[in-house]
Amino acid sequence: MSIGVETQTRRVTLEDITNLCLRRGFFFPSGRIYGGLGGFFDYGPLGAEMRRDILNDWWTYFVERREDIVGIYGTIITHPRTWEASGHVESFIDYIVRCSRCNFEYRADHLLEDHGVKVIEPTRENIARLIREHNIRCPKCGGILSEPEAFNLMFTTYVGPKKTRANLAYLRPETAQLIFTNFKNIVFTMRVTLPFGIAQVGKAFRNEISPRNFLFRMREFEQMEIEYFINPKKMNYCPFFEEVKDTEIYILTAEMQEEGIEDARRITAKEALETGIIENEWHTYWIVESLKWLWSIGLKPEHLRAREHVKTELAHYAIQTFDIEYYFPFMGWKEIEGISNRGDFDLRRHQEFSKEELHIVDDGEKIIPYVIEPSFGLERIILALLTESYHKVQNRLILSLHPKVAPYKIGIYPLVTKEPFKGKAREVYRMLGTKYRVFYDEKGSIGRRYARADEIGVPLGITIDGQTLEDNTVTIRFRDTKEQIRVPIERLIEEIDKILNNWL
Ligand code: GAP
């Protein structure tokens, strides 16, 4: 079945997406009745369903169907030593500049970027120099800007009634560290052997100086992370590499960026490994596996690339990092997932700070494993999915979401909104509702009902019409092609299963 859409896909703006989300109940600014709170968004009913489907699909793909990955679900408020060990207390900072006249504060590197100045090395000295050299003033009032000041992005709170330094705790800025602090618990309770992974999904909090671009830079968001532990001597022994070696991916290396090349190269995983672009088999495998999942939920391969961090961009813990970037027509290429080789940095640091031994035995040897970390941001993926699927066709909006992530899978419509059509439609609704997330709509003309469903990405519509009453058949309407087929009700579930399972 062809499900193509004849469209001008790439004309979508951030305003289009924001308006759709507000109008149809995907997302709302949190505390909207009080004017909203910057960087915080509540999921509306449709967003909440999409979230659930993405998280479930991710968990099935990366945890349930694999023998080598287990999951945890850790706390949001975490022991403060965790973040001293991880380096976040010291290094998780951005630089602020303040206007001397109106006191407005800006994230310094963003301000420079807004003036077309690329910040390659975001140190205090470099930022101060670039602001001076480009004579950048306060965009609001033209006032002179202060020297850059370091600002730690972690939200703090106090545990217990006393508000003293000793009671200070942090809301986790990433879920990853909980995996490292639970490493020993998992090794002891789950009898895992290398190589193995620990996965976690959950909220992360960052007090971003300038949250912006809707779901892209938030202060409270959700991550889906895996820490995959490997014997450092076996980074090139990935038993699954055969499965991915011929998969082609778009890649932009650090070297290409240093030469000013902006377009990614399309190469196979094997080539990326053999030419040394990606340093080892496991890292290559996880890049491809991540991309395969992102493709499977509806992001086009040509809109995704793996971009290597240049040296000055690398986080303090990373040996090599690739960002999976999605091409947003309104922002350009932007990170939706990071995949780092974190080496043994985290386990060694936690071992040092906690004085607990954090090794595992492999081949009779005590070792601290290396880690490859695929780290996905849920809301950025949702923003990418909405962008990818937003199509205007002759002034009608079609959200061509993959059924896996569509908030509703099927709409049920009596053609005529009176009995016996309504009763029959309700019967079909109850039958399909046992298997899929469906909705019933009898309000307005059938054309209006189809249009409302297309706008929120409902892949299939079932219409109960005059012929249904004669021969117990209904029509299935395809959102993207408007094509309709007629199917007996007793074969409806079987037919829908076939369509949804073979959706491309
Ligand atoms: N544990 C590694 C880590 O946290 P990161 O690149 O800082 O790495 C991983 O974050 C992912 O989390 C990003 O690729 C992005 O999708 C998401 N993310 C990070 N900061 C975010 C923010 N302020 N708003 C929304 N998503 C964010």
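- Residues forming a side chain to side chain donor-acceptor pair (under 3.5 Å) with Tyr408 (at least two apart in sequence, or on another chain): none.
- With Asp94 contributing its side chain and Phe151 its backbone, the two residues share no donor-acceptor pair below 3.5 Å.
- Side-chain contact between Glu455 and Leu20: present, with at least one pair of heavy atoms (C-beta onward) separated by less than 4.5 Å.
- Annotation: cation-pi pair Arg124/Tyr95 absent, no NZ/CZ under 6.0 Å from the ring centroid and within 45° of its normal.
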Between Arg51 and Glu222, does the salt bridge (charged side-chain N to carboxylate O under 4.0 Å, His left out) criterion hold? Intermediate values first, please. CA-CA 10 Å; Arg51 169 182 172 276; Glu222 213 153 352; 2.9 Å; yes
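- Using a 4.5 Å heavy-atom threshold, the side chains of Leu383 and Leu14 count as touching.
- Aromatic ring pairs are classed by plane angle as parallel below 30°, tilted from 30° to 60° and perpendicular above 60°; the pair Trp58 and Phe376 is perpendicular.
- With sequence neighbours left out, Thr181 forms a side chain to side chain donor-acceptor pair (under 3.5 Å) with no residue at all.
- Contacts classified as side chain to side chain donor-acceptor pair (under 3.5 Å) and involving residues 325-340 (residues at least two apart or in different chains) are given here: Arg10-Tyr326, Ser290-Glu337, Arg305-Glu325, Arg307-Glu325, Thr321-Ser340, Tyr326-Glu388.
- Side-chain atoms of His283 come within 3.5 Å of backbone atoms of Ile339 as a donor-acceptor pair (strictly under, hydrogens ignored).
- Listed by first and then second residue, the salt bridge (Lys or Arg N to Asp or Glu O under 4.0 Å) pairs that reach into residues 279-296 are Arg65-Glu289, Glu289-Lys292, sequence neighbours excluded.
- Environment of CZ in Arg265: sparse, with no more than 12 heavy atoms of neighbouring residues, nucleotides or ligands closer than 6.0 Å.
- Ring orientation note: the planes of Phe330 and Phe328 are tilted relative to one another, at an angle of 30° to 60°.
- Looking at Arg479, its side chain does come within 3.5 Å of a backbone N or O of Leu401 through a donor-acceptor pair.
- Glu308 and Gln320 share a donor-acceptor pair across their side chains, judged by distance under 3.5 Å alone.
- Note: Phe183 and His350 fail the aromatic proximity criterion, with ring centroids not under 6.0 Å apart.
- Taking the six-membered ring where tryptophan is involved, the planes of Phe240 and Tyr285 are tilted, since the angle between them lies from 30° to 60°.
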Kindly indicate, with the supporting measurements, whether the criterion salt bridge (charged side-chain N to carboxylate O under 4.0 Å, His left out) is fulfilled by Glu483 and Arg477. CA-CA 6 Å; Glu483 195 185 338; Arg477 171 186 180 269; over 6 Å; no
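- Counting heavy atoms from C-beta on, the side chains of Ile499 and Phe478 come closer than 4.5 Å.
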Might you work through the ring pair (Phe, Tyr, Trp, His ring centres under 6.0 Å) test for His79 and Tyr170, ending with a clear yes or no? CA-CA 7 Å; His79 197 291; Tyr170 301 98; over 10 Å; no
Salt bridge (charged side-chain N to carboxylate O under 4.0 Å, His left out) for Asp497 and Arg491? Distances and angles first, verdict last. CA-CA 10 Å; Asp497 270 351; Arg491 279 209 298 108; over 6 Å; no
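- Side-chain atoms of Asp346 and Val371, non-hydrogen and from C-beta on, never get closer than 4.5 Å to each other.
- Heavy atoms of other residues, nucleotides or ligands lying less than 6.0 angstrom from CE of Met331 number more than 12.
- Not one N or O on the side chain of Asp57 forms a donor-acceptor pair closer than 3.5 Å with the backbone of Asp53.
- In this view, Tyr450 and Tyr413 satisfy the ring pair (Phe, Tyr, Trp, His ring centres under 6.0 Å) rule, not counting sequence neighbours.
- Annotation: side chain of Glu84 is not in contact with side chain of Glu90 (no heavy-atom distance under 4.5 Å).
- Phe214 and Phe27 have perpendicular rings, their planes meeting at more than 60° on a 0 to 90° scale where under 30° would count as parallel.
- Annotation for Lys270: atom NZ does not count as buried by contact number, only 12 or fewer foreign heavy atoms lying within 6.0 Å.
- For the ring pair (Phe, Tyr, Trp, His ring centres under 6.0 Å) test, no residue two or more places apart in sequence or in another chain qualifies with His110.
- Ring orientation note: the planes of Phe155 and Phe40 are tilted relative to one another, at an angle of 30° to 60°.
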Let's go through Leu386 and Met50 carefully: what are the C-alpha distance in whole Å and the side-chain angles of both, what is the deciding distance for side chain to side chain contact (heavy atoms under 4.5 Å, CB included) to 0.1 Å, and is it a yes or a no? CA-CA 11 Å; Leu386 294 173; Met50 226 178 143; 4.2 Å; yes
Derivation and outcome, salt bridge (charged side-chain N to carboxylate O under 4.0 Å, His left out), residues Arg396 and Asp454: CA-CA 9 Å; Arg396 276 177 66 164; Asp454 289 347; 3.6 Å; yes
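- Within 6.0 Å of atom NZ in Lys203, more than 12 heavy atoms from other residues, nucleotides or ligands are found, so the atom counts as buried in its surroundings.
- Shown are Glu174, Glu225, Glu227; of these, the side chain to side chain donor-acceptor pair (under 3.5 Å) with Ser375 is made only by Glu225.
- Taking 4.5 Å as the limit, every side-chain heavy atom of Pro173 sits out of range of all side-chain heavy atoms of Leu153.
- Met218 is not listed as a side-chain neighbour of Pro211, based on a closest heavy-atom distance of 4.5 Å or more.
- Using a 4.5 Å heavy-atom threshold, the side chains of Met154 and Arg172 count as separate.
- Residues Phe196 and Phe229 bring their aromatic ring centres within 6.0 Å.
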